[in-house]
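Some notes on the structure that comes next.
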Number of protein chains: 2
Amino acid sequence: MLREHGIDHVKVEPLAQRLGVTKGSFYWHFKNRQDLLKSLPEFWARRQTDPVLAHVQAAPGGPIDKMRSILEFIAREDPDQYDNAMRAWAQFDPEVAAAVAAIDDRRMATARWLFEEAGLSAPDAAFRARLWYFYDVGEHVTRDTPDTVEERLERAAHRLKLLTSDLVSG
Amino acid sequence: MLREHGIDHVKVEPLAQRLGVTKGSFYWHFKNRQDLLKSLPEFWARRQTDPVLAHVQAAPGGPIDKMRSILEFIAREDPDQYDNAMRAWAQFDPEVAAAVAAIDDRRMATARWLFEEAGLSAPDAAFRARLWYFYDVGEHVTRDTPDTVEERLERAAHRLKLLTSDLVSG
DNA sequence: ACATTACCATACGGCTGCGTATGGATGAAA
DNA sequence: TTTCATCCATACGCAGCCGTATGGTAATGT
């Protein structure tokens, strides 16, 4: 419901109907609607960003290799499912905005770290990380992601080259 | 209402109350709620992107100068007001998504044109334009825009340098 | 066999919002 | 002055959704 129609359509009666139960059941598992909504951001974080950040830590090689690895990892994944819905929600709920901002920070900190490892100064790395990460966000939010894995990989290669060609290992 | 709470809170009765009138008045000016919603995308386009694209056409100098001009124009503006709400809406409404995509296309086509003018091949310019434009989108949607004009101008300069340093006029 | 726990259905009251029907009120035109 | 168009208020029926109260069923422990 969140992904397909937005947070305002996460309602208990339609939800119960979609699950083939009644809302009497819902109120057994959750205190109320708000209680359900509060559980969503954490669910999202564990499912959507923890795996990626774990992957980059485990990737072999130098920072550029790690970048390539993370890009290919993302390119092979199915296009985003939750990020857009969470961002849409975050626009109108400060608490959710904070949760999303925390995720953005974690992701961008990783990118920052990689660019510093690649030899950039702290401020330069910070900006380059923004450029790096915002490309992801932009592609998702404008739904400009190519449909085939091949095209996504090609774009990833292009992106890596453009963002690292002036660095030592690039 | 759209900006502050999202499209699902654009309801006729709360809206009428906020305006100090009754809904009897609303149904004089609009056929129904859907009729109001349909008018919003066009309102947004005229107000939010037409001025920027007109500005870049009128800017003097070469493509790099035009880029600098547009960045400074945006930096001096107040941070975005409608884009985020429209994108949040577009996530869940195909018609709105099409309208937003059309705006994205117009903006990105302008960027593409500038990079081609600066000497890039069509595919290179297309990618560079994405990198350019998605930075905007990312900054908006993550609410990472600095509060002061000075900081925004500084970031703009940094961004221009990074995205054009390998071009002839850069 | 009985009681307890876990899980779900039914039924209710209340609120909010949509759309329509109808009735003013005001100003311009004839 | 009468008529008509414009703009807004009032009042109604209807539907969707929330949260609670209450009852039912199946499994489990004693």
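Since this is a predicted model, take the numbers as computed values, not measurements. In what follows, chains carry the letters A, B, and so on, assigned in the order in which the sequence lines appear, proteins first and then strands, with residues in each chain numbered from 1.
- Contacts classified as salt bridge (charged side-chain N to carboxylate O under 4.0 Å, His left out) and involving residues 20-30 of chain B (residues at least two apart or in different chains) are given here: E13(B)-K23(B).
- Between chain B and DNA chain D, the heavy-atom contact criterion of under 4.0 Å yields a 5' to 3' nucleotide range of dT6(D) to dA11(D).
- Cation-pi geometry between R107(B) and W132(B) is not met: the NZ or CZ atom fails to fall both under 6.0 Å from the ring centre and inside 45° of the normal.
- Cation-pi contact between R3(A) and Y82(A): present, with separation from the ring centre below 6.0 Å and deviation from the ring axis of at most 45°.
- A heavy-atom distance below 4.0 Å to DNA chain C is reached by these residues of residues 27-39 of chain B, ordered by number: Y27(B), N32(B), R33(B).
- Judged by distance alone, the side chain of N84(A) and the main-chain N or O of H140(A) form a donor-acceptor pair under 3.5 Å.
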N/O contacts under 3.5 Å, protein versus nucleotides 26-29 of chain C?
none

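- Partners of Q34(A) according to the side chain to side chain donor-acceptor pair (under 3.5 Å) rule, which considers only residues two or more places apart in sequence or in another chain, do not exist here.
- Evaluation of the salt bridge (charged side-chain N to carboxylate O under 4.0 Å, His left out) test over residues 53-75 of chain B, restricted to residues two or more places apart or in two chains, returns D65(B)-R68(B).
- Listed by first and then second residue, the salt bridge (charged side-chain N to carboxylate O under 4.0 Å, His left out) pairs involving residues 25-41 of chain A amount to none (not counting sequence neighbours).
- F127(A) is listed as a side-chain neighbour of Y135(B), based on a closest heavy-atom distance under 4.5 Å.
- E77(B) pairs by the side chain to side chain contact (heavy atoms under 4.5 Å, CB included) definition with F73(B), not counting sequence neighbours.
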Please tabulate, one pair per line, all N/O donor-acceptor pairs under 3.5 Å involving side-chain atoms of residues 50-62 of chain B, not counting sequence neighbours.
residue: D50(B); atom: OD1; partner: R106(B); partner atom: NH1; Å: 3.3
residue: D50(B); atom: OD1; partner: R106(B); partner atom: NH2; Å: 3.0

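- Across residues 10-22 of chain A, K11(A), V12(A), E13(A), P14(A) each have a non-hydrogen atom less than 4.0 Å from an atom of DNA chain D (numbered order).
- In this view, R76(B) satisfies the side chain to side chain donor-acceptor pair (under 3.5 Å) rule with no residue, not counting sequence neighbours.
- Scored by the side chain to side chain donor-acceptor pair (under 3.5 Å) test, R112(A) finds no partners at all (sequence neighbours excluded).
- If you measure from atom CZ of F26(A) to atom C1' of dA6(C), you get 17 Å, rounded to the nearest angstrom.
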